[in-house]
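Step one of this worksheet: look at the structure below.
Indexing begins at 1, ligand by ligand and atom by atom, following the structure's order.
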Amino acid sequence: MSSSARRRYGHAVVIGSSMAGLVNARVLADHFEKVTVLERDERPAGPEPRKGAPQGQHVHLLLEAGKRVLEELFPGLTRETQGSGMNVIDSSRDMAWQHFGVWKVRVPSGIESVLCTRPYLEWSVFQRVKALPQVEIRENVTVEALCTDAEKTRITGVKVKGPGGEETLEADLLVDASGRGSRSPRWLEELGYGRPEEEKIGIDLAYTSRLYKRPAGFQDDWKLLVQYPRAPEGWRAGFISHVEGDRWIVSVNGYFGDHAPTDDKGFLEFARSLPRPGLYDYIQDAEPLTAPVTHKIPTSRWLHYERLPRFPERLIVTGDAVCAFNPIFGQGMTTASLGAKLLGELLTGKEPHTPGDLNRASEQFRRKLPGIIRVPWFMTSVMDMHYPQATGTRPPGVGILHWFFGRLIELTSVDANVYHQFLRVLHMRDGLESLLQPGMALPLLAYGAKSLFVPLAERANVHRMPQA
Ligand SMILES: Cc1cc2nc3c(=O)[nH]c(=O)nc-3n(C[C@H](O)[C@H](O)[C@H](O)COP(=O)(O)OP(=O)(O)OC[C@H]3O[C@@H](n4cnc5c(N)ncnc54)[C@H](O)[C@@H]3O)c2cc1C
């Protein structure tokens with residue numbers, strides 16, 4: 001939308017200027033005369049990590065569905081800096097991926113992902129949002145409380161604390177994109193709405209990461225190397241991602257308290273414990289540029305706002321504030337972007353508009369967001385539940401699911417069609433039901449039968465790291 005004549009609402013306030021906050025601000029700028037984004041942090045001058053987004057020091061991949069939304073909202077974002085900034089890669093051809101003990105095939109898939117550091121992506125989006133005339137981004141401002149009408153049925157603004165002291169900001173719509181530490185559960189409880197039900201899977205995971213100079217003359221043909229363990233026997237993983245500045249970001253992680261050390265020797269030893277050939281062989285002689293840093297992820301957590309019997313009008317909770325995934329499948333930024341797209345669709349509606357529209361949009365948003373979260377949540381939680389140490393409620397039939405996904409993943413090492421469909425689901429192009437269509441079910445059944453008689457190393461690619 002370009003004409004301000006079509007902006008039909010007054011003032012929207014967004015809490016948090018990380019990925020979810022920024023993409024939502026961009027969407028709201030099409031519908032509101034003014035959008036104020038409130039950020040607790042002071043931003044670094046360039047694409048550097050910051051305190052309020054500590055995950056920025058660890059490997060990040062943007063899935064295809066997220067890339068599409070970002071390209072719709074910010075045309076040219078991912079292509080303009082191809083090579084020097086963002087790397088748009090083919091998710092199969094350019095990625096060497098050992099998963100569940102097997103190396104996946106590498107053929108062109110036409111499914112694209114984006115590689116760069118998380119601060120670079122956020123900074124690129126930030127520059128574009130900041131340039132929008134409707135948007136004001138205020139740093140060093142912490143949202144402390146919600147304001148409501150006298151009946152406490154509608155959110156009317158926020159109380160904030162900033163460099164100039166305390167102040168109240170009025171808002172026609174409030175978007176909480178303040179991440180995992182969001183105070184919305186507590187605020188809602190204090191207002192008498194109760195706390196949202198929390199679905200939690202305990203994984204005690206930690207990422208430890210550092211940047212390396214990409215070795216001059218590096219000959220291998222992958223841009224992203226990923227090694228995931230075969231559950232439940234293994235729980236260590238590693239990534240090397242080709243990022244801007246001719247650097248590699250290298251992350252290693254371990255579940256259930258088995259976290260990589262942050263000293264040089266310990267970091268390398270942890271990397272050496274991953275299957276070889278693999279990550280260690282690439283970094284053993286490479287030049288580190290930063291010291292290893294650790295980020296802990298005790299749980300995957302989904303707050304079910306849609307299940308609350310009552311909810312205040314004009315409040316949107318989104319991004320990690322609703323669902324913070326185990327990041328192994330890289331779904332957080334994409335889910336946040338799809339959430340922003342949903343909000344845009346709900347605000348678009350048909351003319352003429354009434355004041356009740358914003359009430360309806362916020363109510364529909366909390367009811368519809370789970371439709372976006374469900375598949376990525378299912379994918380990671382099924383994987384995590386493979387470990388007996390993982391805490392949380394196991395869905396009925398989880399053993400059958402593990403058998404199904406185990407064979408499916410093994411098959412991605414020898415059957416390009418099956419891998420392609422798996423990627424389409426992972427990148428949120430298709431739903432889970434697509435894994436059951438005949439083109440998938442028949443090879444899976446045949447492979448499943450084979451798995452009863454033929455050892456893993458003879459039926460799947462266990463040892464050979466494939467070339468594209
Ligand atoms: C180790 C790791 C690896 C990951 N890898 C991937 C990946 O490969 N791909 C992917 O898509 N996702 C990945 N993620 C997830 C991804 O980082 C998040 O899903 C994504 O950044 C969206 O987060 P968000 O904007 O909702 O919240 P956050 O990034 O947590 O941002 C919240 C913002 O709100 C601000 N804030 C908080 N409280 C207040 C307040 N009261 N007032 C004002 N401001 C406030 C904070 O300062 C911060 O800027 C990973 C996460 C981790 C931890």
- Query: Quick one: does Gly181 get within less than 4.0 Å of ligand 1, heavy atoms only?
  - Reply: no
Checking heavy atoms under 4.0 Å, the part of His60 that sits near ligand 1 is both
Short version for Arg118: what comes under 4.0 Å of ligand 1, heavy atoms counted, is side chain
Min over Glu39, Arg138, Met19 of heavy-atom distance to atom 47 (O) of ligand 1 lands on Glu39
- On the ring face of Phe422, is Lys104 found with NZ or CZ under 6.0 Å from the centre and within 45° of the axis? yes
If you scan protein heavy atoms around atom 29 (O) of ligand 1, the nearest is Ser18 OG, 2.6 Å
- Are the side chain of His304 and the backbone N or O of Pro370 linked by a donor-acceptor pair below 3.5 Å? no
Checking heavy atoms under 4.0 Å, the part of Thr142 that sits near ligand 1 is both
If you scan protein heavy atoms around atom 53 (C) of ligand 1, the nearest is Gln55 CB, 3.3 Å
Quiz item: Can a cation-pi geometry be assigned to Arg247 and Tyr212, taking NZ or CZ under 6.0 Å from the six-membered ring centre and within 45° of the ring axis?
Solution: no
Any heavy atom of Val141 under 4.0 Å from ligand 1? The part involved is backbone
Item to complete: Go through the side-chain N and O atoms of Glu71 and Thr78 and say whether any donor and acceptor fall under 3.5 Å apart.
Response: yes
Return yes when Val59 approaches ligand 1 closer than 4.0 angstrom through a heavy atom, no otherwise.
yes
- Just do the side chain to side chain contact (heavy atoms under 4.5 Å, CB included) check on Trp222 and Asp94 with the steps written out, would you? CA-CA 5 Å; Trp222 51 262; Asp94 300 328; over 6 Å; no
### Query
Side-chain donor-acceptor pair under 3.5 Å between Ser251 and Ser209, yes or no?
yes
### Task
Return yes if a side-chain donor-acceptor contact under 3.5 Å exists between Asn253 and Arg236, otherwise no.
no
protein heavy-atom neighbour closest to atom 45 (C) of ligand 1 works out as Arg40 CB, 3.8 Å
Closest to atom 24 (P) of ligand 1 among protein heavy atoms sits Ala20 CB, 3.8 Å
For Ile15, the ligand 1 atoms with a heavy-atom partner under 4.0 Å come out as 40 (C), 42 (N), 43 (C)
Applying side chain to side chain contact (heavy atoms under 4.5 Å, CB included) to Ser124 and Met86, what does each step give before you reach the verdict?
CA-CA 10 Å; Ser124 308; Met86 296 181 203; 3.6 Å; yes
Ligand 1 atoms nearer than 4.0 angstrom to some heavy atom of Gly330 are 7 (C), 8 (O), 9 (N), 10 (C), 11 (O)
Counting heavy atoms under 4.0 Å, the part of Glu144 that contacts ligand 1 is neither
Gly319 heavy atoms within 4.0 Å reach ligand 1 at atoms 26 (O)
### Message
A side-chain contact here means heavy atoms from C-beta on lying under 4.5 Å apart; do His58 and Phe239 qualify?
### Response
no
Say whether Ser18 and Arg118, considering side chains only, have a donor N or O and an acceptor N or O under 3.5 Å apart. yes
Exercise. Using 4.0 Å as the upper bound for N to carboxylate O, is an ion pair formed by Glu197 and Arg307?
Worked result: yes
Are Thr153 and Arg310 linked by a side-chain donor-acceptor pair shorter than 3.5 Å? no
Quick look: Ala336 vs ligand 1, heavy-atom contacts under 4.0 Å, and the answer is neither
Note: Leu62, heavy atoms under 4.0 Å from ligand 1, region reported as neither
Atom 8 (O) of ligand 1: of Leu38, Leu61, Thr318, the nearest heavy atom sits on Leu61
protein heavy-atom neighbour closest to atom 11 (O) of ligand 1 works out as Met333 N, 2.7 Å
Practice task
Assess Lys51 for proximity to ligand 1: is some non-hydrogen atom of it under 4.0 Å away?
Solution key: no
Between Phe311 and Tyr305, what is the ring plane arrangement, given parallel below 30°, perpendicular above 60°, and tilted in between?
perpendicular
Original post:
Would you say the side chain of Phe405 lies within less than 4.5 Å of the side chain of Phe100, judging by non-hydrogen atoms?
Top reply: no
Residue, atom and distance of the protein heavy atom nearest atom 30 (O) of ligand 1 read Gly179 CA, 3.6 Å
Within 4.0 Å of some non-hydrogen atom of Gly52, the atoms of ligand 1 are 46 (C), 47 (O), 48 (C)
Contact region, Ser182 to ligand 1, non-hydrogen atoms below 4.0 Å, reads neither
min-distance protein heavy atom vs atom 42 (N) of ligand 1 -> Val143 N, 3.0 Å
In this structure, atom 19 (O) of ligand 1 is nearest to the protein heavy atom Asp320 OD1, 2.6 Å
